[in-house]
Amino acid sequence: MRDQPKAAELLDWYDQHARKMPWRVGPADRKAGVAPDPYRIWMSEIMLQQTTVAAVKDFFLRFTTRWPTVQDLAAAKDEDVMGEWAGLGYYARARNLLKCARHVTDELGGVFPDTYEDLLKLPGVGPYTAGAVSAIAFDQAATVVDGNVERVMSRLYDIHTPLPAAKPELTERAAALTPSKRPGDYAQAVMDLGATICSPKNPACGICPWRSPCIARRQGTAAELPKKTPKKPKPTRVGTIYVARRVDGAFLLERRPDKGLLGGMLGWPGSEWQEAKVAEHQKPISAEWKTLPTEARHTFTHFHLKLTVKTALVPMDRTPNQGDFVAQQDFRPSDLPTVMRKAFDLAFVKAGN
DNA sequence: CAGCCGTGGAC
DNA sequence: TGTCCAAGGCT
């Protein structure tokens, strides 16, 4: 009978190879009795949803420097939080982050729930995040299943069922391996393993602490797992965006509605974005509009976008019918989501306006 | 349950 | 250039 993977083998590896991260309490400190701050663990987990560690680091440091406690965050203005989140993507996370901080502050006395069940009730906290926070912040033996764990389990047990259909089976396997000792370190260890050794491409099976019990490694199928159902091709949408500056330096911007794409974020007024050719539409303000020679290109999760960028220098006496003027000193380009910043760069940096 | 929801780096 | 992918959640 083949040997089974042991949590202890992975924890020994983690003790030697744990990655250092701004929000992490490493294995040595944890053994010395250092407890993680649930606020920081929660925030890191929200930021890490579908987002790489490298991308999150700077955002995490900026957020926790500006808002060191959940009460500080709860007291923040919506626009400040959305502006700090700009560029990180999936903006519903930022709206839920603030909603959750205010709930914890106002209804829970500023104390994060410490059980999976109660964490799951918080806005923006799903099965993965509830498990991760309960394990990492509170050292509870929760089963944590993210993309890394799915990949590691599919390879350990050579599971060829494509995702997402395989999710229940992979979760069952993960639960069976979760130890009652050091569950917080274990949860992070599996994810570190998946991110470094058991990687999507070219897994380093030769140095894996679980190479011996890994079935896919013996079968030679590790690199092709997990299987995934094929994705739909992305359509291309087109639109027009209006980047205007008034003669006093103010910019014509609008706050997007909370629901939908780039919800709650600052942006330039413009047309709808559609696959069909855009019908003629009203300009946001009366001015002498010029079309830039280069269009702004951007790719979202489920479509490509080509934006025609129009610019204008607007006299003082005009009133916008879409958007509001923001004084130059109140505007930071870094508050814009990336597609809007691309349009800004084309209009005001590349074109030199 | 499948579609919606961002971004930047790797290849 | 294009595609894949990353510590998912919500509807």
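Basis for what follows: all heavy atoms, side chains included, without hydrogens, waters or symmetry-related copies.
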Any base atoms under 4.0 Å from [X], or only sugar-phosphate, or nothing? Heavy atoms, all strands.
X	value
A:Trp85	nothing
A:Arg297	nothing
A:Met21	base
A:Thr129	sugar-phosphate
A:Ile46	nothing
A:Lys228	sugar-phosphate
A:Val53	base

Q) Rounding to the closest angstrom, what is the interatomic distance between B:dC1 and C:dA6 at atom C1'? A) 23 Å
Q. On a whole-Å scale, what distance lies between the P atoms belonging to C:dG9 and B:dG8?
A. 22 Å
(Q) Please determine whether any donor N or O and acceptor N or O are separated by less than 3.5 Å between the side chain of A:Tyr128 and the base of C:dG8. (A) no
**Q.** Check: B:dG6 base within 3.5 Å donor-acceptor of A:Thr51 side chain
**A.** yes
[atom1] of [X] versus [atom2] of [N]: gap in Å, rounded?
X	N	atom1	atom2	answer
A:Gln50	C:dG8	CD	P	5 Å
A:Asp146	C:dA6	CG	P	9 Å
A:Lys201	B:dG9	NZ	P	16 Å

Where the side chain of [X] is concerned, which of [options] is the nearest nucleotide?
X	options	result
A:Phe300	C:dA7, C:dC10, B:dT7	B:dT7
A:Leu48	B:dT7, B:dC5, C:dA7	C:dA7
A:Thr338	B:dT7, C:dG9, B:dG6	B:dT7
A:Asn96	C:dC5, C:dC10, B:dG6	C:dC10

(Q) Please find the pair of heavy atoms, one from A:Arg30 and one from A:Ile136, that lie closest to each other, and give the distance. (A)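 A:Arg30 and A:Ile136 have their closest heavy atoms at NH2-O, 2.9 Å.
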Q: Please report the shortest heavy-atom distance between A:Leu305 and A:Val339, naming the atom on each side.
A: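 Minimum heavy-atom separation between A:Leu305 and A:Val339: CD2-CG2, 4.0 Å.
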Q: Using the test side chain to side chain contact (heavy atoms under 4.5 Å, CB included), find all partners of A:Lys290 that sit at least two apart in sequence or belong to another chain.
A: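 Per chain and number, A:Lys290 pairs via side chain to side chain contact (heavy atoms under 4.5 Å, CB included) with A:Thr311.
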**Q.** First of A:Pro127 and A:Lys234 reached from the 5' end of DNA chain C, by closest nucleotide
**A.**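 Nearest-nucleotide comparison on DNA chain C picks A:Lys234.
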Backbone of [Y] reached by a side-chain donor or acceptor of [X] within 3.5 Å:
X	Y	answer
A:Thr178	A:Ala174	yes
A:Arg155	A:Leu225	yes
A:Ser134	A:Gly131	yes

Q | Passing option when A:Phe63 is tested against A:Trp85, A:Tyr39, A:Trp23 for ring pair (Phe, Tyr, Trp, His ring centres under 6.0 Å) | A |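 When ring pair (Phe, Tyr, Trp, His ring centres under 6.0 Å) is applied between A:Phe63 and each of A:Trp85, A:Tyr39, A:Trp23, only A:Trp85 qualifies.
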Nucleotide N/O of nucleotides 1-4 of chain B paired with protein N/O under 3.5 Å:
from	atom 1	to	atom 2	distance (Å)
B:dG3	OP1	A:Lys232	NZ	2.9

Q.
Here's one to test your reading of the geometry: is the NZ or CZ of A:Arg93 within 45 degrees of the ring axis of A:Tyr90 and under 6.0 Å from its centre?
A. no
Q.
Taking the six-membered ring for Trp, are A:Tyr186 and A:Tyr14 closer than 6.0 Å centroid to centroid?
A. no
Q.
Under 4.0 Å, heavy atom to any atom of DNA chain C: which of residues 180-198 of chain A qualify?
A.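 When residues 180-198 of chain A is checked for heavy atoms under 4.0 Å from DNA chain C, the hits, listed by number, are A:Met191.
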Q. Tell me, which of residues 5-20 of chain A have any heavy atom that sits under 4.0 Å from an atom in DNA chain C?
A. A:Arg19
Q: Go through the steps for A:Tyr242 and A:Trp289 under the test ring pair (Phe, Tyr, Trp, His ring centres under 6.0 Å), then give the verdict.
A: CA-CA 8 Å; A:Tyr242 296 90; A:Trp289 291 98; 5.0 Å; yes
Q. Quick one: side-chain hydrogen bond (donor to acceptor under 3.5 Å, both in side chains) partners of A:Tyr128, sequence neighbours excluded?
A. A:Glu45
Q: Using the test side-chain hydrogen bond (donor to acceptor under 3.5 Å, both in side chains), find all partners of A:Thr129 that sit at least two apart in sequence or belong to another chain.
A: A:Gln49
Q. Between the side chains of A:Lys234 and A:His302, does any donor sit under 3.5 Å from an acceptor?
A. no
